[in-house]
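For clarity, every value in this text was computed on a predicted model and none was experimentally measured. If you read the sequence from its start, that first residue is 1, and numbering goes on from there.
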Amino acid sequence: MLVNMRDLLADAQEGDYAVGSFSVANMEMVLGVLQAAKELNAPVILQIAEVRLKQSPLEVIGPLMVAAAEAAETPVAVHFDHGKTIEKITQALDLGFTSVMFDGSHLPLDENIKMTKQVMAIAEEYDAAVEAEIGCVGGSEDGSEDIAINCTKPEDAVRFEAETGVDALAIAIGNAHGNYKSTPKLRFDILEECENNTDLPLVLHGGTGITPDDFIRCSHTGIKKINIATATFDTVENTVRQCYNESSINGYYDLQAAEVRGAYENAKKHILIFGTDNKA
């Protein structure tokens with residue numbers, strides 16, 4: 001069933017777990033994630049980032065994501081990730097997305113607050129949730145930039161919550177988009193200070209490559225939404241490659257099944273780590 005991300009994160013705060021937010025690029029990835037959610041009786045979030053729309057146009061994949069969520073047997077929010085433009089954020093809302101992210105992390109804090117409030121005013125007309133970001137998560141969503149990590153200042157998180165009342169806040173604690181060159185060393189001191197001084201559901205971007213133990217610690221320290229993108233794409237690609245190497249693909253529909261299985265296996269693994277199984 002299609003639900004508001006706000007409700008999923010409120011449940012996660014109460015139940016002390018994190019909800020997986022899985023980036024998708026096609027129907028097969030959507031089907032794989034929802035298969036894992038159904039099997040594990042788990043709430044999930046389907047998301048796509050604005051930078052990915054060159055490959056997966058929003059007017060094509062957006063209605064697919066919404067329809068799949070509506071037909072799902074567990075609660076599913078549909079989220080527009082790393083929104084950069086009011087145009088695309090509004091388009092996602094028009095298509096039925098139940099949450100949007102405005103990524104103003106590159107802006108001065110005052111401007112980020114101002115723009116986030118503008119997006120919140122638009123989203124309010126749709127009763128949609130809004131996620132924002134402060135600090136700079138390393139890398140970039142599509143790997144085209146090597147953005148340096150700039151950890152969030154806890155006092156900025158306090159001010160951001162007070163001035164915006166945003167529904168979820170992505171913070172930078174040493175995490176980065178894409179594949180890590182070495183195991184990341186997360187700043188749990190910053191995370192704990194943000195958790196202790198705000199009431200916001202916190203969001204962890206750049207989930208690929210973080211250890212299960214660190215994921216679990218994050219989920220018990222204020223992180224209620226964890227984004228998984230690169231791991232999904234990598235697992236789908238590797239599953240397809242393995243099937244070709246094993247000569248188990250004999251036509252298009254075998255290829256399609258391999259893509260679904262890759263997305264399913266990746267989502268299942270992370271749902272179990274995040275503690276979201278049987279939380280639907």
Side-chain angles (χ1 to χ4, degrees), residues 5 8-9 11-12 15-49 52 65 68-69 72-79 81 137 139 141 143 170 173 175-184 186 202-221 223-243 245-246 248 255-280:
M5 186 180 78
L8 292 189
L9 300 189
D11 289 344
D16 197 27
Y17 57 86
V19 181
S21 193
F22 298 96
S23 291
V24 294
N26 59 20
M27 181 182 72
E28 288 73 20
M29 293 183 192
V30 171
L31 293 175
V33 171
L34 295 186
Q35 180 184 338
K38 177 182 177 180
E39 181 178 312
L40 296 175
N41 192 34
V44 294
I45 301 167
L46 297 175
Q47 68 177 23
I48 188 166
R52 295 292 186 183
M65 294 166 68
E73 296 183 28
T74 61
V76 181
V78 179
H79 177 69
D81 196 37
V137 174
E141 184 68 22
I173 55 171
N175 45 316
H177 295 110
N179 288 305
Y180 294 96
K181 295 175 183 176
S182 58
T183 302
L186 300 182
L202 302 175
V203 181
L204 185 71
H205 287 232
T208 298
I210 291 174
T211 66
D213 285 346
D214 279 356
F215 273 142
I216 292 167
R217 185 175 175 185
C218 283
S219 73
H220 295 315
T221 319
I223 296 291
K224 298 301 151 194
K225 173 177 179 276
I226 299 178
N227 287 18
I228 300 294
T230 303
T232 304
F233 305 138
D234 286 354
T235 305
V236 170
E237 181 186 3
N238 291 336
T239 302
V240 169
R241 181 180 291 110
Q242 180 182 354
C243 287
N245 288 341
E246 295 170 352
S248 59
L255 169 62
Q256 183 188 46
E259 289 191 52
V260 172
R261 181 158 62 86
Y264 157 79
E265 290 176 351
N266 177 71
K268 181 177 180 179
K269 178 180 76 172
H270 286 96
I271 287 168
L272 291 171
I273 293 170
F274 301 161
T276 329
D277 49 309
N278 292 314
K279 299 298 194 301

Interatomic distance, CD1@I173 vs CD1@I210, rounded to 0.5 Å, equals 7.0 Å
Who passes side chain to side chain contact (heavy atoms under 4.5 Å, CB included) against E265, sequence neighbours left out? T239, R261
Which pairs with one or both residues in residues 15-27 pass salt bridge (Lys or Arg N to Asp or Glu O under 4.0 Å), sequence neighbours excluded? D16-K224
Minimal heavy-atom distance between V240 and A258, with the atoms involved, is CG2-CB, 4.1 Å
Shortest non-hydrogen contact between S21 and Q47, atoms and distance: OG-OE1, 2.6 Å
How long is the span from the CG atom in L31 to the NZ atom in K38, to the nearest 0.5 Å? 11.5 Å
Could you list the residues that satisfy ring pair (Phe, Tyr, Trp, His ring centres under 6.0 Å) with F22, not counting sequence neighbours? none
Would you please name every residue forming a side chain to side chain contact (heavy atoms under 4.5 Å, CB included) with A36, sequence neighbours left out? Y264, A267, K268, I271
Is there a donor-acceptor pair under 3.5 Å between the side chain of T276 and the backbone N or O of V19? no
Shortest non-hydrogen contact from C218 toward L204: SG-CD2, 4.2 Å
Output all residues satisfying side-chain hydrogen bond (donor to acceptor under 3.5 Å, both in side chains) with T232, sequence neighbours left out; order by chain, then residue number. N266
At their closest point, which heavy atom of V44 faces which heavy atom of A37, and how far apart are they? CG1-CB, 3.8 Å
Can you see which heavy atom on T74 is nearest to which on A42, and at what distance? OG1-O, 3.1 Å
What I'd like to find out is whether the side chain of I226 reaches to under 4.5 Å of the side chain of H270, using heavy atoms alone. no
Heavy-atom check, side chain of F233 versus side chain of R52, under 4.5 Å: yes
Run E28 and V236 through side chain to side chain contact (heavy atoms under 4.5 Å, CB included) and show every step you take. CA-CA 9 Å; E28 288 73 20; V236 170; over 6 Å; no
Heavy-atom side-chain proximity of D11 to P43 below 4.5 angstrom: no
Find out whether V33 and V76 are in side-chain contact, i.e. whether some heavy atom of one side chain is under 4.5 Å from a heavy atom of the other. no
Taking only residues two or more places apart in sequence or in another chain, which ones pass side-chain hydrogen bond (donor to acceptor under 3.5 Å, both in side chains) with K269? none
What distance do I45 atom CD1 and L8 atom CG have between them, rounded to the nearest 0.5 Å? 5.5 Å
Please tell me if the side chains of N26 and E259 come closer than 4.5 Å, counting only heavy atoms from C-beta onward. yes
CG of L202 to OG of S219: how many Å apart, nearest 0.5 Å? 12.0 Å
When rounded to the nearest 0.5 angstrom, what is the spacing between CG in N245 and CG in N238? 10.5 Å
Mind checking the CG-CG spacing from D277 to N41? Nearest 0.5 Å is all I need. 9.0 Å
Least distance between heavy atoms, K225 atom then A18 atom: N-CB, 4.5 Å
